[in-house]
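Report on the structure given below.
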Amino acid sequence: MSRSGRLFLLMDAMRARRVPVTAAQLAQQLGVSERTIYRDIQTLAELGAPLQGEAGIGYVLRRGAFLPPLMFGADELEALVLGARWVRRQGDAGLAQAASNALAKIAAASPRDLRDSMAETSLWVPLGRPAEGTQAADRYVQPVREAIRYEQKITLAYEDEQGSATSRTVWPFALAFFEGKRLLAAWCELRGDYRHFRIDRIASVRQHEERYPTRRHVLLDAWRKAHEIDPES
């Protein structure tokens with residue numbers, strides 16, 4: 001492997017980490033010596049890479065720093081295209097357009113033009129027919145997504161499995177996209193506990209300007225622990 005290629009892989013390895021990673025861990029992942037990792041980290045720092053850390057403790061990319069993707073392997077490129085195509089099929093109109101825009105930006109930010117490679121990727125998400133009620137429910141996906149993003153309360157007019165209508169003010173923190181279904185995870189003020197709401201059973205959404213009092217990541221972490229969900233899933 002060329003030295004420049006190894007530097008790209010080192011940046012990719014660090015980009016994937018949220019906590020400091022030691023030179024020993026990086027050396028094992030890249031199949032090189034720790035001495036090589038130390039030299040490469042010094043080179044990256046001299047080139048202006050936003051690295052923090054020191055030998056014996058670990059290294060991490062500085063928070064808030066943005067680095068455009070530098071290179072993609074064939075599998076990585078196929079994963080990006082397939083994921084974007086799935087979002088265009090399963091997401092609301094805003095997410096569908098965002099997926100297309102994201103692919104265009106990735107192609108433009110890469111050192112070589114990837115548009116042809118992306119267009120020729122032979123992995124597809126079948127269109128088929130939308131599940132019953134999906135299109136009608138899609139209009140509520142965007143306001144729910146926005147409430148999650150800005151950590152704002154929303155009030156739902158909701159119909160449960162028995163067909164009983166109820167009004168719930170909730171703190172939304174996660175939205176799962178299953179095939180043909182969208183499931184909202186939120187803290188319910190009425191029940192004083194975590195609850196899950198199917199988007200296709202929502203009759204209306206009223207957005208509040210008021211932020212809920214607990215940060216989204218705190219709710220998400222507690223929910224994952226309560227339901228034994230892997231944080232990386």
Side-chain angles (χ1 to χ4, degrees), residues 1-87 98-99 101-115 117-118 120-123 148-149 151 173-177 185 194 214-233:
M1 182 189 302
S2 68
R3 186 161 185 262
S4 59
R6 193 177 66 243
L7 291 175
F8 287 151
L9 290 178
L10 178 57
M11 287 301 300
D12 285 342
M14 298 189 66
R15 198 195 315 268
R17 305 278 185 150
R18 298 175 60 187
V19 296
V21 56
T22 65
Q25 291 172 308
L26 291 169
Q28 183 178 15
Q29 182 176 343
L30 272 62
V32 297
S33 68
E34 289 185 47
R35 182 185 298 273
T36 297
I37 293 295
Y38 287 128
R39 284 201 305 263
D40 288 349
I41 285 177
Q42 181 62 35
T43 298
L44 289 173
E46 292 172 354
L47 292 172
L51 300 173
Q52 287 182 323
E54 57 184 275
I57 296 177
Y59 300 90
V60 67
L61 288 176
R62 190 169 59 247
R63 275 194 175 184
F66 172 76
L67 290 175
L70 297 177
M71 59 184 292
F72 293 103
D75 287 345
E76 292 170 332
L77 193 61
E78 288 185 348
L80 287 169
V81 174
L82 184 62
R85 287 173 177 171
W86 190 92
V87 169
N101 294 345
L103 285 181
K105 289 180 179 179
I106 288 171
S110 299
R112 59 190 178 88
D113 197 323
L114 297 178
R115 285 174 293 183
S117 298
M118 289 177 172
E120 293 167 3
T121 297
S122 298
L123 301 179
I148 292 172
R149 181 184 304 156
E151 301 182 354
F173 59 84
L175 183 62
F177 288 78
Y194 295 106
T214 305
R215 297 305 304 270
R216 181 178 68 239
H217 69 87
V218 175
L219 292 171
L220 184 60
D221 288 345
W223 172 76
R224 281 172 170 161
K225 290 177 182 176
H227 293 83
E228 299 182 348
I229 296 174
D230 184 347
E232 300 300 323
S233 64

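What you see is a predicted model; the values in this text were computed from it and never measured.
- Looking at residues two or more places apart in sequence or on another chain, you find no side chain to side chain donor-acceptor pair (under 3.5 Å) involving Asp221.
- Using a 4.5 Å cut-off on side-chain heavy atoms (C-beta onward), Leu51 and Leu61 make contact.
- You'll find the side chain of Arg6 stays beyond 4.5 Å of the side chain of Leu9, heavy atoms only.
- In this structure the side chain of Met14 reaches within 4.5 angstrom of the side chain of Leu26, judged on heavy atoms.
- Atom-to-atom distance recorded for Tyr59:OH and Leu10:CG is 10.5 Å, nearest 0.5 angstrom.
- Environment of CD in Gln29: crowded, with over 12 heavy atoms of neighbouring residues, nucleotides or ligands closer than 6.0 Å.
- Side-chain contact between Met11 and Leu7: absent, with no pair of heavy atoms (C-beta onward) separated by less than 4.5 Å.
- The residue from Leu30, Ile37, Thr36 that alone fulfils the side chain to side chain contact (heavy atoms under 4.5 Å, CB included) condition with Ser33 is Thr36.
- Closest non-hydrogen pair, Ala84 versus Ala99, comes out as O-CB, 3.7 Å.
- Using a 4.5 Å heavy-atom threshold, the side chains of Phe173 and Val218 count as separate.
- One distance of note links CD of Gln25 with CD of Glu34; it measures 10.0 Å at 0.5 Å rounding.
- Looking at Glu151, its side chain does come within 3.5 Å of a backbone N or O of Arg216 through a donor-acceptor pair.
- One distance of note links CD of Glu46 with CD of Gln42; it measures 4.5 Å at 0.5 Å rounding.
- In this structure, Ala174 and Leu220 approach most closely via the heavy-atom pair CB-CD1, 4.1 Å.
- Ile41 contributes atom CD1, which lies 12.0 Å from atom CZ of Arg39 (distance to the nearest 0.5 angstrom).
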